[in-house]
Colleague: 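Just dropping this structure here.
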Amino acid sequence: MSTVRLRGCREQKYNYESLPTTSVIIAFYNEAWSTLLRTVYSVLEMSPDILLEEVILVDDYSDREHLKERLEAELAHLPKVRLIHATKREGLVRARLLGASGAKGDVLTFLDCHCECHEGWLEPLLQRIGDEETAVVCPVIDMIDWNTFEYLGNSGEPQIGGFDWRLVFTWHVVPERERKRMRSPIDVIRSPTMAGGLFAVSKKYFQYLGSYDTGMEVWGGENLEVSFRIWQCGGTLETHPCSHVGHVFPKQAPYSRKKALANSVRAAQVWLDEFKELFYHRNPHARLESFGDVTERQQLREKLKCKDFRWFLENVYPELHVPEDRPGCFGMLQNKGLQGLCFDYNPPDENQIVGHQVILYTCHGLGQNQFFEYTSRKEIRYNTHQPEGCLAVEAGGESLVMELCQDLVPENHYFLLLSDGSLFHEQSKKCVQAEKKSNDKFVPLLWDCTLSSRQQWFFQEQML
Ligand code: UD2
Ligand code: MN
């Protein structure tokens, strides 16, 4: 496992007396015994005694028996470990804050409840915050196999966090711009967003920034909200390549995640300014979510004189493509002849967006995999997800597929949506036609232009 960290990291020396101390806060809901205890023991074993003030476990009103007396008995003989039971289900945001409220360390370090801290994980985080109080610092998240629970480490260099316009968190390679800014391979890596579970922040600075949005329930959205807030209100969000913590990404969570959309709406309402429309276009249903009151969070933004979202996009995340969403040029792409059929693209793996065929499917008006945008560069972009796909004609064929969009639009990606409704592919001089493939399967295909109603297409923003 010594290869988990770069050599430069292993050679670092620290002046322990001068580093801030930390309280480690771990909220959990219905977690398995083994993974929870593995987290706790790894914190105790891998953290220098002088730096570790305490470990605060917050039981978010779990109902599994092993998390009550049996857990208390197990923890009773451990130094520095405290267990708090919430008296009702709080969700991860308020559960973490419950832990933070009594924390005595200078720095709050949040962890998920199924982690393993790697050797030397803590020092780099505390050193950085000791040097720069407004830095919020994440460890590199290594993989723990969800099946064998083996510590797999991570493949190659650390990645940074981003998001797509549905406000879903994404991973990205470190951009060239950031590589140039870094002074060495063991310098911190600035990241537009954080995954959410694992980070360290000065307790004072966290309070100043408005800790968390306590109107967020259960799971989801809080990671982007806190990320936008850190950047827009004057802090920096970083990953320290020398700090490694393993995390189990399970196949399924032990609770429902349907509150995530309302949490995202809160984040959008407070931080996105006019760009929130891009989010709503891709999630028409988000407009119907009841998301509570965000006045206090908007007042916080005023009070801290935070910068606007345009500043964030231009300065922190210039790699993110900002859709144009021109009126009449986004939403469902419907056929006129075969009423109720829409362009639909559903890649089997969200991490492997490109390469599959575009089909036609009953229009559902939910955005997501039926959301397309016609750009002023004449691309049909599939840009709910990251990286973004562009409609293209399959090599030597007549099917339509998704390819990665390019900086310079290749001829194959060039489509003209004409005022008569035809969708003209200039390179082949053909038109897109809705065709029956089998009993109930329909696809868009390239065809000689006839202007039949099955060659007429129009965008519709959402179901009326
Ligand atoms: C990721 C984050 C997670 C959180 C989430 C977005 C990592 C590694 N994980 O999802 O921390 O930011 O994105 O919200 O970056 N929990 C409660 N009460 C609840 C629900 C969850 O205490 O009602 C705990 C849970 O036991 C765990 C933590 O909150 O310790 C995060 O939940 P998760 O591990 O299910 O989330 P994950 O890793 O899929
Ligand atoms: Mn987790």
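Read the numbers this way: they start at 1 and go in the same order the structure lists the ligands and their atoms.
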Colleague: Given Phe228, which partner from the list Phe275, Phe309, Trp271 fulfils the ring pair (Phe, Tyr, Trp, His ring centres under 6.0 Å) test?
Modeller: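 So, applying the ring pair (Phe, Tyr, Trp, His ring centres under 6.0 Å) to Phe228 and each of Phe275, Phe309, Trp271, only Phe309 qualifies.
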Colleague: Between the side chains of Lys104 and Glu54, is the shortest nitrogen-to-carboxylate-oxygen separation below 4.0 Å, so that they form an ion pair?
Modeller: yes
Colleague: Give the numbers and elements of all ligand 1 atoms closer than 4.0 Å to a heavy atom of Glu222.
Modeller: 4 (C), 6 (C), 12 (O), 14 (O)
Colleague: Glu116 and Arg38: salt bridge (charged side-chain N to carboxylate O under 4.0 Å, His left out), yes or no, with the steps?
Modeller: CA-CA 6 Å; Glu116 179 182 316; Arg38 178 183 185 171; 2.7 Å; yes
Colleague: If you take the nearest heavy atom of each of Leu98, Leu224, Leu92, which one is closest to atom 29 (O) of ligand 1?
Modeller: Leu92
Colleague: Salt-bridged, Glu373 to Arg326, with N to O below 4.0 Å?
Modeller: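 Here Glu373 does not pair with Arg326 in a salt bridge, since their nearest N and O are not under 4.0 Å apart.
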Colleague: Kindly assign one of parallel, tilted or perpendicular to the pair Tyr382 and His385, based on the angle between their ring planes and the thresholds 30° and 60°.
Modeller: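 The rings of Tyr382 and His385 lie parallel, inter-plane angle below 30°.
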Colleague: Checking the N or O distance criterion of under 3.5 Å, is ligand 1 in contact with Gly221?
Modeller: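 Min N/O separation from ligand 1 is not below 3.5 Å for Gly221.
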Colleague: Looking only at distances, please establish whether an N/O atom of ligand 1 is found under 3.5 Å from an N/O atom of Gly220.
Modeller: yes
Colleague: Pick, from Ala253, Ala195, Gly196, the option with the minimum heavy-atom distance to atom 1 (C) of ligand 1.
Modeller: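 It is Ala195 whose heavy atom sits nearest to atom 1 (C) of ligand 1.
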Colleague: Are Glu277 and Arg287 close enough for a salt bridge, meaning some N to O gap below 4.0 Å?
Modeller: yes
Colleague: Taking the minimum heavy-atom distance to atom 17 (C) of ligand 1, which of Val248, Asp60, Asn263 ranks first?
Modeller: Asp60
Colleague: Rounded to 10°, how big is the angle at the Mn ion (ligand 2) from His247 NE2 to His114 NE2?
Modeller: 90°
Colleague: Salt bridge between Arg89 and Asp60, side-chain N to carboxylate O under 4.0 Å?
Modeller: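 Yes, this pair counts.
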Colleague: Does a side-chain N-to-carboxylate-O contact under 4.0 Å join Glu217 and Arg94?
Modeller: yes
Colleague: Are the side chain of Arg282 and the backbone N or O of Leu278 linked by a donor-acceptor pair below 3.5 Å?
Modeller: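 Side chain of Arg282 to backbone of Leu278, a donor-acceptor pair under 3.5 Å: yes, one is there.
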Colleague: Counting only N and O atoms by type, is there a donor-acceptor contact under 3.5 Å from the side chain of Glu238 to the main-chain atoms of Val137?
Modeller: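 Checked: no pair found.
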Colleague: Tell me whether Cys113 has any N or O atom under 3.5 angstrom from an N or O of ligand 1.
Modeller: yes
Colleague: Should Glu90 be listed as contacting ligand 1, given a heavy-atom distance under 4.0 Å as the test?
Modeller: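 Contact absent.
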Colleague: For Ile141, is at least one N or O under 3.5 Å away from an N or O on ligand 1?
Modeller: no
Colleague: Got an N, O or S from Cys115 under 2.8 Å of the Mn ion (ligand 2)?
Modeller: no
Colleague: From atom 2 (C) of ligand 1, work out which of Ala27, Gly197, Gly246 has a heavy atom at the shortest distance.
Modeller: Gly197
Colleague: How far is atom 35 (O) of ligand 1 from its nearest protein heavy atom, and which residue and atom name does that atom have?
Modeller: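 Result: Tyr255 OH, 2.5 Å.
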Colleague: When only distance counts, is Arg96 in polar contact with ligand 1, meaning an N/O pair under 3.5 Å?
Modeller: yes
Colleague: For the 3.5 Å polar cut-off, considering only N or O atoms, please tell me whether His247 and ligand 1 meet it.
Modeller: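 Among all N and O atoms of His247, at least one is under 3.5 Å from an N or O of ligand 1.
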Colleague: What do you reckon, does Arg89 put a non-hydrogen atom under 4.0 Å from ligand 1?
Modeller: yes
Colleague: Mind listing the closest non-hydrogen atom pair of Cys117 and Ser42 along with its distance?
Modeller: N-OG, 2.9 Å
Colleague: Has Cys113 got an N/O/S atom less than 2.8 Å from the Mn ion (ligand 2)?
Modeller: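 Checking Cys113: none of its N, O or S atoms is under 2.8 Å.
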Colleague: Just to confirm my output: which protein heavy-atom neighbour is closest to atom 31 (C) of ligand 1, and how far is it?
Modeller: Asp112 OD1, 3.3 Å
Colleague: Answer with yes or no whether Gln252 contacts ligand 1, where contact means a heavy atom under 4.0 Å from a ligand atom.
Modeller: no
